[in-house]
Amino acid sequence: MEYKPEAVEKKWQRLWEEKNLFKAEIDSTKKKYYLLEMFPYPSGRIHMGHVRNYTIGDVVARYKRMKGFNVLHPMGWDAFGLPAENAAIGSGVAPKKWTYENIDYMRSQLKRMGFSYDWDREFATCDPDYYKWEQLFFIKMFEKGLVYRDRCFVNWCDSCKTVLANEQVEGGLCWRCGSQVLLKEYDQWFFKITAYAQELLDDIEKLSGNWPERVLSMQRNWIGKSTGTLIKFKLDGMDGEIEVFTTRPDTLYGATFMSLAPEHPLVKTLVKDTKNESNVLNFVEETLKEDRFTRTSEQYEKKGVFTGRYCINPVTGLKMPIYVANFVLYDYGTGAVMAVPAHDQRDFEFAKKYGLPIIVVIEPRGEHLDPLAMEQAYEDEGVLVNSGPFNGLKNKDAMTKITSHLEDMGMGSSTINFRIRDWGISRQRYWGAPIPIVYCDKCGVQPVKEEDLPVLLPEGVEITGKGVSPMEGIDDFVNTKCPRCGGPARRETDTMDTFVESSWYFIRYCSPHENDRPFDPEKTSYWMPVDQYIGGIEHAILHLLYARFFTKVLRDLGYVEISEPFERLLTQGMVIKDGAKMSKSKGNVVDPADMINTYGADATRLFCLFAAPPEKDMDWSDQGIEGSYRFLGRLWRLVDELKDRLKSTEDQADGRPGNLENIKKKTHHTIKKVTEDIDRRFRFNTAIASMMELVNELYKVKDTIQDNHEDLAVIKEAIENLVIMLSPFVPHIADELWYMLGHQGMLLEHPWPEYDATWAEKSIITLAVQVNGKLRATIDIPKDTSEEDATRTALSEQNVKRFVNNNKVTRVIYVPNRVINIIITASK
RNA sequence: GCCCGGGUGGUGGAACUGGUAGACACAAGGGACUUAAAAUCCCUUGGAACUUGUUUCCGUGCGGGUUCGAUUCCCGCCCCGGGCACCA
């Protein structure tokens with residue numbers, strides 16, 4: 001009988017479904033294991049990246065289940081988002097219809113791959129039953145002050161016609177469409193992620209070792225903590241003060257001017273009704289026209305304009321001119337920088353350009369710096385000069401001393417500054433979760449009442465892709481009553497960033513059909529946290545940081561007990577073809593559907609796992625999958641040829657392996673190796689390689705197998721364990737071969753094999769023999785041979801003798817079962 | 001500039017915690033089977049040299065070091081990928 005993947009796979013997929021094999025239920029007698037892969041956006045078809053991601057996950061899920069864990073392995077759809085709207089613009093099909101049709105098709109594709117999902121838990125984030133709870137969280141966060149509305153400069157993508165979060169701007173370009181991001185002033189809603197910045201940073205330590213170091217490093221960078229000092233500078237000749245953040249309070253005595261960001265609100269006040277007003281406001285306007293990326297690139301020319309106003313250095317009393325400078329960022333620190341030209345390169349260049357004073361306050365030990373002769377700022381360490389009572393201190397020591405001096409004066413304080421900004425979540429889009437807010441002329445901003453949730457997304461909305469929120473024109477939606485006074489009011493027409501939905505879906509999977517509340521606490525506390533999360537590295541900051549934040553918020557709202565959602569994280573590499581990421585424009589896309597049709601789901605799965613370890617990029621190779629397919633055929637023929645003979649024998653060869661001792665050893669060695677490879681580091685490629693070796697060994701002895709009990713039992717043990725161990729990788733063919741071998745049932749319900757240590761370990765080992773560190777021979781000797789015996793055997797080797805000759809053996813290094821190194825010195 | 005990750009045959013990749021570098025697979029070559037081809041099965045395959053061997057030398061980005069022994073540890077570089085960055 002020939003191996004026909006399609007027939008085999010469809011048969012078992014049907015049987016698994018009939019049996020509801022993948023259903024997960026709480027079972028307090030078993031250890032739980034929650035395995036999750038990042039859910040897909042229903043873009044239309046499954047691509048190779050999905051196949052790889054979900055195959056890796058499926059192997060782990062099936063393996064853990066066979067190991068006796070109660071496994072939760074759910075799947076659903078990250079279903080809100082821009083492509084649905086773009087499709088609507090292109091073809092006129094409603095986003096809802098487009099999305100659900102894609103889901104239906106992609107679900108069938110995932111089922112065709114044989115993934116072991118508990119489909120009863122499936123949901124799409126665009127289901128009102130789902131986003132209803134997100135709206136509830138929004139309201140709860142609003143009540144707690146974790147949501148606020150602010151008018152501010154935001155990243156605007158003119159192509160997507162929407163606001164983007166900082167995390168969604170990559171190198172000045174929109175993360176989705178790649179067009180230039182502009183700054184635009186806009187009212188929008190924010191989640192106060194900065195309130196959790198310290199905890200998000202601290203908890204990174206807890207994840208260390210279980211998350212890839214580069215993801216943690218990226219998150220640390222993104223949070224961007226720096227410690228420094230806040231210093232107040234009084235304005236000269238008018239009320240008010242400027243506050244700055246600096247990490248270099250030791251240079252305060254050298255601060256000679258002040259730089260403000262163009263967006264700084266004080267700028268307008270300072271120049272109001274002065275002769276500088278039009279000049280300064282022109283400069284501000286010009287600067288803000290520049291896109292953010294150009295403005296903040298290092299090559300960009302540093303420019304500024306004098307406001308005509310001064311502030312006072314709190315320790316020297318110096319009148320410092322206040323400038324507006326294009327390189328000062330409004331959203332870092334306080335948006336104002338005290339300029340110390342002698343010790344900061346940017347300030348130095350600025351001072352030279354505009355003829356501002358330079359005061360040296362730090363000198364390297366034993367050296368004198370002349371401000372007039374300096375060609376660049378001195379940014380290194382040294383000793384304080386020109387700094388009043390602090391002269392002679394090392395600058396490091398001066399930092400805390402000057403800060404506490406400022407604290408005594410009431411002019412400053414030590415502080416911590418974060419780079420991370422609050423998460424702007426308003427999107428001027430239709431296909432997203434409506435923000436549950438109502439604007440009333442009398443009562444102001446009001447959250448929708450809980451009992452009125454969900455705020456349903458209206459249907460039949462015309463999507464043009466132009467202008468602002470498509471829902472603004474839907475009177476039925478916009479016009480509503482104020483939840484407080486009952487008077488006429490208007491709804492918020494923006495929707496939430498789709499990253500909000502993916503920030504909590506993993507908790508909803510624990511009780512997906514809960515109607516009266518977002519989660520069933522009993523189920524949540526049983527299943528959470530996710531034991532193993534698997535997904536692409538591209539979400540290292542965005543999704544993974546938001547999800548961590550949201551989990552902490554939900555904890556503080558009393559919904560969950562955990563602080564971190566994902567115990568362990570595996571970031572799988574990309575699928576590459578011909579040296580480049582698969583993309584339509586490069587024309588190197590391999591459609592998984594074609595692979596399944598030609599080679600079957602099992603061969604496709606096998607190749608994804610075999611070609612590279614999961615965290616590395618994987619090169620797709622048409623010959624490679626051919627090879628995986630060949631291996632399955634080879635396995636099939638082996639079982640098919642021997643099955644009838646094997647059925648006729650009892651299971652165990654009562655410990656006496658007859659002529660096939662090597663096979664018995666190899667079998668147990670393979671069980672050990674495969675188990676460890678999966679457990680230790682998800683090394684599926686080497687696990688598969690060792691099973692291929694066992695198959696190769698079996699082919700070598702195949703024609704010598706005797707029809708006696710010893711031989712057949714050894715072969716039976718080898719083949720049956722092989723099939724069992726292959727089942728997480730290639731579940732369909734494994735179940736079919738198991739059936740061909742005369743068994744009932746499905747291997748997912750079969751326990752994972754245990755190895756017998758006496759067989760797994762070799763009794764005769766190959767010892768490397770070195771002379772002066774160079775390999776000269778190998779000898780096969782019993783395991784744990786004494787040094788004396790090993791030395792004697794080694795020295796009797798021909799080639800060893802040749803090198804030892806009549807030189808004196810001065811030393812012998814013996815590492816049992818590995819190497820023996822004979823050290824000789826030349827005799828004269 | 002700072003922080004992560006990586007560099008091994010023609011290719012994808014192995015090598016536990018310092019102990020035989022190149023498992024397994026692809027590609028290539030050879031053989032068996034066949035009228036033939038495909039499929040299948042078997043063998044060879046890091047480079048060089050010669051005395052063709054149970055041989056020698058070289059070889060894991062480069063240069064040093066530690067060690068009986070280094071792909072693995074240390075120091076100094078080079079290159080590739082990624083993150084952060086006029087961040088005060």
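Proteins come first, then strands; the chains are lettered A, B, ... in the order of their sequence lines, and each starts at number 1.
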Let me have the donor-acceptor pairs involving side chains of residues 202-209 of chain A, under 3.5 Å, with sequence neighbours excluded, atom names and distances please.
{"residue": "A:D202", "atom": "OD1", "partner": "A:Q198", "partner atom": "NE2", "Å": "2.9"}
{"residue": "A:D203", "atom": "OD1", "partner": "A:K206", "partner atom": "NZ", "Å": "3.2"}
{"residue": "A:D203", "atom": "OD2", "partner": "A:K552", "partner atom": "NZ", "Å": "2.4"}

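For B:rA88, its base sits under 3.5 Å from the side chain of A:R346 at one donor and acceptor pair at least. Between the side chain of A:R634 and the base of B:rC41, no donor-acceptor pair under 3.5 Å is found.
Residue A:D347 is out of contact with every strand shown, counting any heavy-atom pair closer than 4.0 Å. Among the atoms of the strands shown, only primed sugar atoms or phosphate atoms (P, OP1, OP2) are found under 4.0 Å from some heavy atom of A:Y699. Across all strands shown, A:Q623 has heavy atoms under 4.0 Å from sugar-phosphate atoms exclusively, and none from any base. Residue-level contact check: A:A777 touches neither bases nor backbone, having no heavy atom under 4.0 Å from any strand. Within 4.0 Å (heavy atoms only), A:T766 reaches at least one base atom of the nucleic acid. Counting any heavy atom pair closer than 4.0 Å across all strands shown, A:R681 reaches no nucleic acid atom. If you check every strand for non-hydrogen atoms under 4.0 Å, A:R802 touches sugar and phosphate atoms only. Across all strands, A:S621 comes closer than 4.0 Å to no nucleic acid atom at all (heavy-atom distances). Within the 4.0 angstrom heavy-atom criterion, no nucleotide atom of any strand lies near A:N417. Residue A:I813 is classed as a base contact, given a heavy-atom separation below 4.0 Å to a base. Counting any heavy atom pair closer than 4.0 Å across all strands shown, A:P613 reaches sugar-phosphate atoms only and no base atom. Here A:G627 lies in heavy-atom contact (under 4.0 Å) with sugar-phosphate atoms only.
Picking from B:rU56, B:rC68, B:rG13 the nucleotide with the shortest atom distance to the side chain of A:N685 gives B:rG13. In this structure, the nucleotide among B:rC24, B:rA88, B:rC41 sitting nearest to the side chain of A:M692 is B:rC24. Considering only side-chain atoms of A:K774, the nucleotide from B:rC87, B:rC68, B:rC58 that sits closest is B:rC58. Here the side chain of A:N821 is nearest to one of B:rA15, B:rC68, B:rU20, namely B:rC68. Closest to the side chain of A:A689, out of B:rC24, B:rG13, B:rC41, is B:rC24.
Atom C1' of nucleotide B:rC16 and atom CG of A:D679 are separated by 15 Å, given to the nearest angstrom. Here B:rC3 presents its P atom at 10 Å from CG of A:N221, a figure rounded to the nearest Å. In this structure, CD of A:E379 is placed 14 Å from P of B:rG1, rounded to the nearest angstrom. The OH atom of A:Y629 sits 12 Å away from the P atom of B:rA39 (whole-angstrom rounding). Put simply, CZ on A:R680 is 11 Å from C1' on B:rA15, counting in whole angstrom units. Atom CE of A:M691 is separated from atom P of B:rC24 by 15 Å (rounded to the nearest Å). One interatomic measurement links the two molecules: CD1 of A:I779 to P of B:rG19, which rounds to 19 Å at whole-angstrom precision. One can place CG of A:D250 at 13 Å from P of B:rA88, the figure rounded to the nearest angstrom.
Taking a cutoff of 4.0 Å between a charged side-chain nitrogen and a carboxylate oxygen, A:E213 and A:R220 qualify as a salt bridge. At a threshold of 4.0 Å, the pair A:E676-A:K672 counts as salt-bridged, since one of the basic side-chain nitrogens sits closer than that to a carboxylate oxygen.
Look at B:rU17: it lacks any Watson-Crick or wobble partner with both distances under 3.5 angstrom. Base-pair partner of B:rU60: not found among the strands shown (Watson-Crick or G-U wobble, both distances under 3.5 Å). Within the shown strands, nothing qualifies as a pairing partner of B:rU67 under the Watson-Crick or G-U definition with both distances less than 3.5 Å. Summarising the base pairing, B:rA28 is matched to B:rU44 through a Watson-Crick or G-U wobble pair whose two defining distances lie under 3.5 Å. Pairing for B:rG1 goes to B:rC84, judged as Watson-Crick or G-U wobble with the two contacts each under 3.5 Å.
Between B:rG46 and B:rU11, the distance separating the two P atoms is 13 Å to the nearest Å. A gap of 47 Å separates the C1' atoms of B:rU34 and B:rG7, to the nearest Å. Taking atom C1' on both B:rU45 and B:rG31, the two are 15 Å apart, rounded to the nearest angstrom. When the C1' atom is compared between B:rG22 and B:rG10, the two are found 14 Å apart, to the nearest whole Å. If you take atom P in B:rA28 and the same atom in B:rU20, they sit 32 Å apart, rounded to whole Å. The separation of B:rU54 from B:rG76, taken at their C1' atoms, amounts to 42 Å, rounded to a whole angstrom. Nucleotides B:rC77 and B:rA27 are separated by 36 Å at their C1' atoms, to the nearest Å. Separation of the P atoms belonging to B:rA25 and B:rG81 is 33 Å when rounded to the nearest angstrom.
When the side-chain nitrogen and oxygen atoms of A:R683 are compared with OP1 and OP2 of B:rC16, none of them lie within a distance under 4.0 Å. Listed pair A:R811 / B:rU67 fails the phosphate criterion, with no side-chain N or O lying under 4.0 Å from OP1 or OP2. For the pair A:R419 and B:rC87, the criterion of a side-chain N or O lying under 4.0 Å from OP1 or OP2 is not met. OP1 or OP2 of B:rG6 has not a single side-chain nitrogen or oxygen of A:R214 nearer than 4.0 Å.
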request  = Show your working on salt bridge (charged side-chain N to carboxylate O under 4.0 Å, His left out) between A:E626 and A:R630 and close with a plain yes or no.
outcome  = CA-CA 6 Å; A:E626 196 92 43; A:R630 266 203 298 268; 5.2 Å; no
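Toward the 5' end of RNA chain B, the nearer of the two residues A:D619 and A:E797, judged by each one's closest nucleotide, is A:D619. If you find the closest nucleotide of RNA chain B to A:T247 and to A:R630, the one lying nearer the 5' end belongs to A:R630.
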Identify the pairs formed between an N or O of the protein and an N or O of nucleotides 43-48 of chain B at a distance under 3.5 Å, and give each distance.
none

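A:N821 and A:R811 share no donor-acceptor pair across their side chains, judged by distance under 3.5 Å alone. Remark: the A:T686 side chain and the A:D677 side chain contain an N/O donor-acceptor pair separated by less than 3.5 Å. For A:T247 and A:S226, the side-chain atoms include no donor-acceptor pair closer than 3.5 Å. Remark: the A:T287 side chain and the A:N326 side chain contain no N/O donor-acceptor pair separated by less than 3.5 Å.
By the 6.0 Å and 45° rule, A:R346 does not stack over the aromatic ring of A:F327. For the pair A:R568 and A:W211, the cation does not sit on the ring face, since its NZ or CZ is not both under 6.0 Å from the ring centre and inside 45° of the axis.
Taking syn as a glycosidic angle within 90° of 0, B:rG46 does not qualify and is anti.
Counting heavy atoms from C-beta on, the side chains of A:I537 and A:R214 come closer than 4.5 Å.
The side chain to side chain contact (heavy atoms under 4.5 Å, CB included) with A:V769 is formed by just one residue from the set A:I822, A:T791, A:T793; it is A:I822.
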